[in-house]
Amino acid sequence: MSEEKIIRTAVVTGGSRGIGRAVCVQLARQGCNVVVNYCHGEAAAAETVALCSAAGANAVAVQADVSTAEGCKALFEQAVNTFGQVDILVNNAGITRDNLILRMTEADFDAVLNANLKGAFLCCKEAARRMVRQRWGRIINLSSVVALRGNAGQANYAASKAGLIGLTKSLARELASRNVTVNAVAPGFIETDMTAALPEAVRAEMAKGIPAGRAGRPEDVANAVAFFAAEQSSYLTGQVLCADGGMAM
Ligand code: NAP
């Protein structure tokens with residue numbers, strides 16, 4: 001007798017491009033319904049939805065600014081209205097406002113903390129309420145190797161990504177007994193719009209410090225996220241997995 005396959009619903013914040021898009025497509029391939037959240041990139045989000053549909057999944061794009069409580073509330077309401085529940089949350093949305101500390105403004109600091117850390121906190125709150133009730137959930141937060149090593153010019157970004165590790169471990173402890181796991185993936189240097197903005201010399205210098213000898217692809221990170229999202233990963237919680245070609249070890 002064949003076991004009936006459970007269809008899980010995943011919300012991926014910042015799913016319109018880069019790593020978030022690759023995560024959406026990977027989860028779609030694994031048979032999940034996918035909610036592709038975006039902030040500004042409506043056309044890009046529609047492309048991600050089309051890629052998920054081509055992979056055989058049901059997918060929908062939802063505009064929401066996750067740095068606001070109203071945005072997160074609306075995102076989850078729309079996800080539940082469309083698919084009935086939320087089983088997997090991937091907190092991927094993120095921004096940078098790089099500068100050395102002497103030039104970094106308070107606004108730069110707040111913008112990054114609000115999008116990267118507060119946004120994840122707000123989405124975790126929305127997700128946890130529902131996951132605890134259904135006694136099943138997977139939360140995966142996108143941190144960074146700079147959370148572990150620091151990076152000159154990224155005090156705000158590194159602080160937000162280190163904060164995500166504290167959030168991950170605390171929620172892992174709070175939610176473990178309800179069959180809700182909370183883990184973090186820490187990417188190294190990945191080819192996306194975020195890193196394309198760096199000068200070529202900086203990119204070449206960074207690539208030298210990667211034992212794998214190349215920058216990562218969004219798919220390299222998506223595989224790690226999908227690993228934590230899988231049914232079989234129920235005994236893994238509070239972990240930080242570096243997807244970095246060996247960069248941070
Ligand atoms: P990216 O290409 O710059 O894409 C960022 C995504 O986040 C976009 O989909 C964007 O949506 C969304 N976003 C930003 N602010 C948002 C908000 N307030 N509400 C909702 N969505 C928002 O970035 P990426 O390189 O793929 O990075 C994805 C995640 O991995 C980030 O958390 C990043 O910090 C982390 N990471 C990346 C690297 C790397 O090397 N690339 C390394 C370590 C960690 P719109 O375009 O629709 O506005």
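Every number for a ligand or one of its atoms is a count from 1 in the order of the listing.
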salt_bridge(Lys73, Glu70) N-O dist < 4.0 Å = no
Atom 35 (C) of ligand 1: the protein heavy-atom neighbour that sits closest, reported with distance to 0.1 Å | Tyr157 OH, 3.8 Å
Nearest-contact summary for atom 40 (O) of ligand 1 - protein heavy atom, Å = Ile190 N, 2.8 Å
Locate the shortest heavy-atom distance separating Arg217 from Ile190; write the atom from each residue and the value.
-> C-CG2, 3.6 Å
Mind checking whether Ser143 contacts ligand 1 via backbone (N, CA, C, O), side chain (CB onward), both or neither, at a 4.0 Å heavy-atom cut-off?
-> backbone
Audit row: Arg149, Asp244, salt bridge (charged side-chain N to carboxylate O under 4.0 Å, His left out) steps and yes/no = CA-CA 13 Å; Arg149 309 198 327 172; Asp244 67 346; over 6 Å; no
Would you say Leu142 and ligand 1 have an N/O pair spaced under 3.5 Å apart?
-> no
Are any of the N or O atoms of Gly14 closer than 3.5 Å to those of ligand 1?
-> yes
Could you tell me which non-hydrogen atom of Cys24 sits nearest to which non-hydrogen atom of Thr48, and how far apart they are?
-> CB-CG2, 3.6 Å
Flag Gly41 as yes when one of its N or O atoms lies below 3.5 Å from any N or O atom of ligand 1, and as no otherwise.
-> yes
Asn141, Val66, Leu75, Asn116: member with heavy atom nearest to atom 19 (N) of ligand 1 = Val66
Closest protein heavy atom (residue, atom, distance) for atom 28 (C) of ligand 1 = Asn92 OD1, 3.1 Å
Heteroatom proximity flag, Thr195 to ligand 1, N/O under 3.5 Å | no
The protein heavy atom nearest to atom 27 (O) of ligand 1 is Ile19 CD1, 3.9 Å
Give, for atom CG of Asp65 and atom OG1 of Thr13, the distance between the pair rounded to the nearest 0.5 Å.
-> 11.0 Å
Could you say whether the N/O atoms of Asp65 and ligand 1 ever approach to under 3.5 Å?
-> yes
Note: Ile95 and Asn116 closest approach over all heavy atoms is N-OD1, 2.9 Å
Give the residue and atom name of whichever protein heavy atom lies nearest to atom 11 (O) of ligand 1, and the separation in Å to one decimal.
-> Ser16 OG, 3.4 Å
Tell me whether Val12 is reachable from Val185 by hopping between hydrophobic residues (I, L, V, M, F, W, Y) whose side-chain heavy atoms are closer than 4.5 Å.
-> yes
Counting from 1, what ligand 1 atoms have a heavy atom of Gly188 closer than 4.0 Å?
-> 40 (O), 42 (C), 43 (C)
Check: His40 N/O within less than 3.5 Å of ligand 1 N/O | yes
Arg138 to Trp136, cation-pi by 6.0 Å centre distance and 45° axis angle | yes
Between Val66 and Ala115, what is the shortest heavy-atom contact and its length?
-> CG2-O, 4.3 Å
Indicate yes or no: at least one non-hydrogen side-chain atom of Arg29 is less than 4.5 angstrom from one of Val25.
-> yes
Judging by distance only, is a nitrogen or oxygen of Thr192 under 3.5 angstrom from one on ligand 1?
-> yes
Under 3.5 Å, N or O to N or O, is Cys39 touching ligand 1 that way?
-> yes
Between Gly18 and ligand 1, does any nitrogen or oxygen pair lie at a separation below 3.5 Å?
-> no
List the closest protein heavy-atom neighbour of atom 3 (O) of ligand 1: residue, atom name, distance to the nearest 0.1 Å.
-> Arg17 NH1, 3.5 Å
N/O separation below 3.5 Å, Gly20 to ligand 1 | no
Gap separating the CD1 atom of Ile19 from the CD atom of Glu191, nearest 0.5 angstrom | 11.0 Å
